[in-house]
Amino acid sequence: MGTERKRKVSLFDVMEDPSAKNNKSNVLGAASAAAGINKWNGKPYSQRYYDILEKRRDLPVWLQKDEFLRTLQSSQTLILVGETGSGKTTQIPQFVLDAVEAENTNKHKKWLVGCTQPRRVAAMSVSRRVADEMDVAIGEEVGYSIRFEDCSGPRTMLKYLTDGMLLREAMADPLLERYKVIILDEAHERTLATDVLFGLLKEVLRNRPDLKLVVMSATLEAEKFQEYFSGAPLMKVPGRLHPVEIFYTQEPERDYLEAAIRTVVQIHMCEPPGDVLVFLTGEEEIEDACRKINKEVSNLGDQVGPVKVVPLYSTLPPAMQQKIFDPAPEPLTEGGPAGRKIVVSTNIAETSLTIDGIVYVIDPGFAKQKVYNPRIRVESLLVSPISKASAHQRSGRAGRTRPGKCFRLYTEKSFNNDLQPQTYPEILRSNLANTVLTLKKLGIDDLVHFDFMDPPAPETLMRALEVLNYLGALDDEGNLTRTGEIMSEFPLDPQMSKMLIVSPEFNCSNEILSVSAMLSELGSLVWALHVRGWETLIPNCFVRPREAQKAADEAKSKFGHIDGDHLTLLNVYHAYKQNNEDPNWCFENFVNNRAMKSADNVRQQLVRIMSRFNLKMCSTDFNSRDYYVNIRKAMLSGYFMQVAHLERTGHYLTVKDNQVVHLHPSNCLDHKPEWVIYNEYVLTTRNFIRTVTDIRGDWLVDVASHYYDLSNFPNCEAKRVLEKLYKKRERERNESKSRK
DNA sequence: GAGCACTGC
């Protein structure tokens, strides 16, 4: 296999003379276009194809098509910087297709061009657009691949996929041999998956001279990318944005929320018509701001036009999110002052959602960002200043349809001196246990010397290795074990995949599958439940409308399990299935139908992975006393590092880390157990542990004796209790021996 | 008796 790879001629080396190549592609293009036959599928072009083609040719990237093809021909890696509106995401992959096709001598050889996106929606919508542009059916020559949905086939030549999905593919095919060219789009966003792909692809390119890489990014960091990819050529494509005038405050603002509201009102009173976008940090702040803006504007009476204030955050259900696309309200009287739409949004409007018609942007300079503390292994959300790149992106939102204005609620000096150039990449802000497992599976043995664009803190890597070692995914030399290999196949946190893998030993894999599916969808499903004026309870498959709180609480209590929230989730899942997944049943019981559907979807995916590894699907007899005991023990064998002990003072302390924590009030326990496992540790008004289940101290000794090795344990009450347990064990063992 | 930046497999 290796020799064959070496024999392959580098893809674009065939043509020596760039002008000859261009002639050829032009001739080809002209010939097929003249015949009106689509070279990709042999069908005649539709009228729509020609209509779109005309518009495509107006995009800024088209002016540089030849330059792009020449550069791609002469180098293995290419960096392309293009601002919003340049058309790079839709056009560059098509240019690449033309190039590959022109150079491909073996017409029967299958090849693929992949283009990654950080978000599912983008992968889906861009591929649909490109299929239209190429006049082919989606899923045929052009397709996409995202979790739960592979819309590609044997004919596919261009595939848009999420970065996480390409990483998954690399686990099965480390040299990514199906691909001729890989395009990493939106590289500046520096998602965890993209960062891992950087390092991985750098290695793959060394082993595969016939593979090419195009890195596409929107901003300033191009030189850093260039340096990382050993001086790869850099191409710049202009964007197509209207000019945006930037205003700074003269003095720092004491209260950015109050300043933001004041600025909205001023714009509405003094500026010409045009919609406003305000960036704030979170749901509560946004709802609060919307109320205040409405109040302030109504105080102005009819000297100003009407406003439509629209909140926007990810947890808003899609129907509510749609309101951002509504037009601004009409003037109250004919010829009266114009109406204005005011969108108050989180960072979601910075990258994920684009609203046309925005002319004014208000940027207070803050966002909630994830931070990770490796010492106590806690990720939390913190309101922190944004980066220059982020500020730039925000202001660009004002110039999509016409020239706009951006009001930065901080001083110019502060922008220049205080804001860091780029947002910290995610890899520096996350718990890396799962990432390290993926890297190990990809065959990266030496993590310390892995070529990260931004290497994570050694302590974070050490913590991740330690966790994986305790879970039995890595041996003491740091090599992937068989268990670790299976764990890496699950799209779950290592703790969760561990409990799944061992669950057949506790005769409860069916139940652990359900718990895992419910838990893993907790985070990503909140959006389905949130309706304005409604509240949710955690676990968030429960809905709690403000006008029916009592009924909702009663409904929830029917599912409550006194031994813990994990078991409550299991009860809900079982009830959902017993009622045939009936949406009416969900409605009547204040259970969210969408959340349940999605959990069920995840569960099916997990079942498929379990079967692939011959992991048995089994249950303990429901009437057995051990039914719940087995489930709790199986959970403990994954979560033995997330245990808290009730001290005599009445507080919980996390085991080993000795952090004071409190049971989150959403728990459904009817007592305070001496020992609990928890799913997450959240830092808000206090240190809370959320989704909690009662476990027994002697199980710790049975299930995770390697972790509860007392010779390596900080002095604390939990240690003394465990010491007693170990002694009791020993006594019992001796007694049983002497009886024999 | 508290609360959810945003993604992804």
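It should be emphasised that the depicted structure is a prediction, and the values quoted were computed from it without experimental measurement. Convention: sequence-line order gives letters A, B, ...; per-chain numbering from 1.
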Name the closest nucleotide to the [X] side chain, picking from [options].
X	options	value
A:Phe688	B:dC4, B:dA2, B:dC9	B:dA2
A:Lys368	B:dT7, B:dC9, B:dC4	B:dC4
A:Ile146	B:dA2, B:dC6, B:dC9	B:dC9
A:Met165	B:dA2, B:dC9, B:dA5	B:dC9
A:Ile348	B:dA5, B:dC6, B:dG8	B:dC6
A:Thr346	B:dC6, B:dC4, B:dA2	B:dC6

Over how many whole Å does the gap from [X] atom [atom1] to [N] atom [atom2] extend?
X	N	atom1	atom2	value
A:Asn347	B:dA5	CG	C1'	6 Å
A:Glu169	B:dG8	CD	P	16 Å
A:His664	B:dC4	NE2	C1'	10 Å
A:Arg190	B:dA5	CZ	P	24 Å
A:Tyr678	B:dA2	OH	P	20 Å
A:Asp288	B:dC4	CG	P	16 Å
A:Arg429	B:dA5	CZ	C1'	9 Å
A:Ile486	B:dC9	CD1	P	23 Å

Which part of the nucleic acid does [X] contact within heavy-atom distance under 4.0 Å: base, sugar-phosphate only, or nothing?
X	result
A:Thr191	nothing
A:Arg120	sugar-phosphate
A:Phe490	nothing
A:Arg119	sugar-phosphate

*In Å, rounded to the nearest 0.5 Å, how long is the span from CD of A:Gln659 to CG of A:Asn687?*
6.5 Å
*Quick one: on DNA chain B, does A:Glu284 or A:Gln605 contact a more 5' nucleotide (nearest heavy atom)?*
A:Glu284
*Closer to the 5' end of DNA chain B via nearest nucleotide, is it A:Leu492 or A:Pro665?*
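The answer here is A:Pro665.
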*So which pairs with a foot in residues 430-440 of chain A pass salt bridge (charged side-chain N to carboxylate O under 4.0 Å, His left out), sequence neighbours left out?*
none
*Any cation-pi pair here, A:Arg429 with A:Tyr424, using under 6.0 Å and within 45°?*
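Checked: cation-pi criterion not met.
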*Identify the residue among A:Val126, A:Ile183, A:Asp185 that makes a side-chain contact (heavy atoms from CB on, under 4.5 Å) with A:Pro93.*
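Answer to the side-chain contact (heavy atoms from CB on, under 4.5 Å) test with A:Pro93 among A:Val126, A:Ile183, A:Asp185: A:Ile183.
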*Taking OP1 and OP2 of B:dT7, is either one under 4.0 Å from a side-chain nitrogen or oxygen of A:Thr162?*
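Checking B:dT7 against A:Thr162, no side-chain N or O comes under 4.0 Å of OP1 or OP2.
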*Distance test, side-chain N/O of A:Arg608 to OP1/OP2 of B:dC9, below 4.0 Å*: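 Checking A:Arg608 against B:dC9: no side-chain N or O falls below 4.0 Å of OP1 or OP2.
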*asked:* Check this for me, if you would: do A:Arg119 and A:Glu186 make a salt bridge, where the nitrogen-to-carboxylate-oxygen distance has to be below 4.0 angstrom?
replied: no
*asked:* Applying salt bridge (charged side-chain N to carboxylate O under 4.0 Å, His left out), can you list everything that pairs with A:Arg612, at least two apart in sequence or on another chain?
replied: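 Scan of A:Arg612 (salt bridge (charged side-chain N to carboxylate O under 4.0 Å, His left out), adjacent residues dropped) gives A:Glu489.
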